[in-house]
Amino acid sequence: MKNSVILAFLMCCTGFSTPLFAVEPTGDVTFQKLLKEFPQGKLPYRFTADALKHELLQQHGLEAGHPKSKVYNSNRLSIKYHSLLPDMVPFSRMSRMPEPVMALESKTNYALIYMLYRYKPEYKVAIYDKEGHFLYKKVLAFAANKEIQAVVLDENLKATFSTYALVWEKEIEKEGFVKNAIQTVTFTKEFVVDMTIVPASEKKEPKESIPNAPKSPPAQSQKQPAIIRA
């Protein structure tokens, strides 16, 4: 009786665990197939501060429309592309499946822009070489409660970032978004980044080869002095 109960329990666990943890077969995954998952765009490409501000307001119901509501039903990237876009985290409490936004091509690189749906509009970019090798990823543009980061990518993937400070009519941290509005958007700084250059923090250092340590000579057994018994 006890054995039959244990067997039934194991069969039940197997039946429930299969759909939860089954991984889609990767098959013949290539960068060209990943590229086809993205709408094709042209350089220069930009995210303006005004567009990001309106997206933030729409996301919190402060303006009519909700352009990002389609995220829930959009064709997000399949987990089979995880090896090509390392920002995907499939097995976690909050799985992150990127939504393709735009694919851009310069003379030397590809830039794939995508969005991870969170509680603020945030766009990231993954940079690849022309052979499709992943180089690094970076936050490209976002609209947070108190700051906006806009960007312009030129024909050579040189990015001009512009940041802006947001001041709300009511303190956003205390009052929240209900019956609130952005009072001012103030430019704070600008900086330029060549997106074709891998940041030092992202470079993988080659493993140093450890020289072969000289072999120590085999330990010589020391002869114990003979014990002379009286």
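- There is a side-chain donor-acceptor pair under 3.5 Å between D194 and T196.
- In summary, E155 and K42 do not engage in a salt bridge, as defined by a charged side-chain N under 4.0 Å from a carboxylate O.
- Here the CD atom belonging to E122 is positioned 8.0 Å from the CE atom belonging to M115, to the nearest 0.5 angstrom.
- Tested against V151, the residues T48, L52, L140 include a single side-chain contact (heavy atoms from CB on, under 4.5 Å) partner, L140.
- Proximity of the aromatic rings of F142 and F47 is defined here by a centroid distance below 6.0 angstrom, and this criterion is not met.
- Note: F134 and Y136 fail the aromatic proximity criterion, with ring centroids not under 6.0 Å apart.
- Using bins of under 30°, 30° to 60° and over 60° for the plane-to-plane angle, the ring pair F161/F191 lands in the parallel bin.
- Side-chain contact between L112 and P100 is absent, with no heavy atoms from C-beta onward closer than 4.5 Å.
- For the atom pair CE of M195 and CG of L104, the computed distance is 10.5 Å after rounding to the nearest 0.5 Å.
- Note that OG of S106 and CG of N156 are 7.0 Å apart. Values are rounded to the nearest 0.5 Å.
- Residues K130 and E105 are in side-chain contact: their nearest non-hydrogen atoms beyond the backbone lie under 4.5 Å apart.
- Under the side-chain contact (heavy atoms from CB on, under 4.5 Å) criterion, L84 pairs with V29, L34, Y81, sequence neighbours left out.
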May I have the step-by-step check of ring-ring contact (aromatic ring centres under 6.0 Å, His included) for F31 and Y110, ending in yes or no?
-> CA-CA 11 Å; F31 177 74; Y110 287 100; 5.3 Å; yes
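- Under the 4.5 Å side-chain heavy-atom criterion for ILVMFWY residues, no single connected hydrophobic cluster contains both V101 and V139.
- Side chains of Y164 and E147 form no contact here, defined as non-hydrogen atoms less than 4.5 Å apart.
- Taking the side chain as every heavy atom from C-beta outward, K124 and K138 never approach each other to under 4.5 Å.
- A side-chain N or O of Y123 and one of E55 form a donor-acceptor pair less than 3.5 Å apart.
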Please report, to 0.1 Å, the donor-acceptor pairs under 3.5 Å made by any side chain of residues 172-186, with sequence neighbours excluded.
| unit_1 | atom_1 | unit_2 | atom_2 | d |
| --- | --- | --- | --- | --- |
| N180 | OD1 | K170 | N | 3.1 |
| N180 | ND2 | K170 | O | 3.0 |
| N180 | ND2 | G176 | O | 2.9 |

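- Contact of the L166 side chain with the I148 side chain is registered, since non-hydrogen atoms from C-beta on lie closer than 4.5 Å.
- Across every non-hydrogen atom of P98 and L85, the tightest pair is CG-CD2, 3.9 Å.
- Interatomic distance, NZ of K158 versus CD1 of I197, reported as 8.0 Å (0.5 Å rounding).
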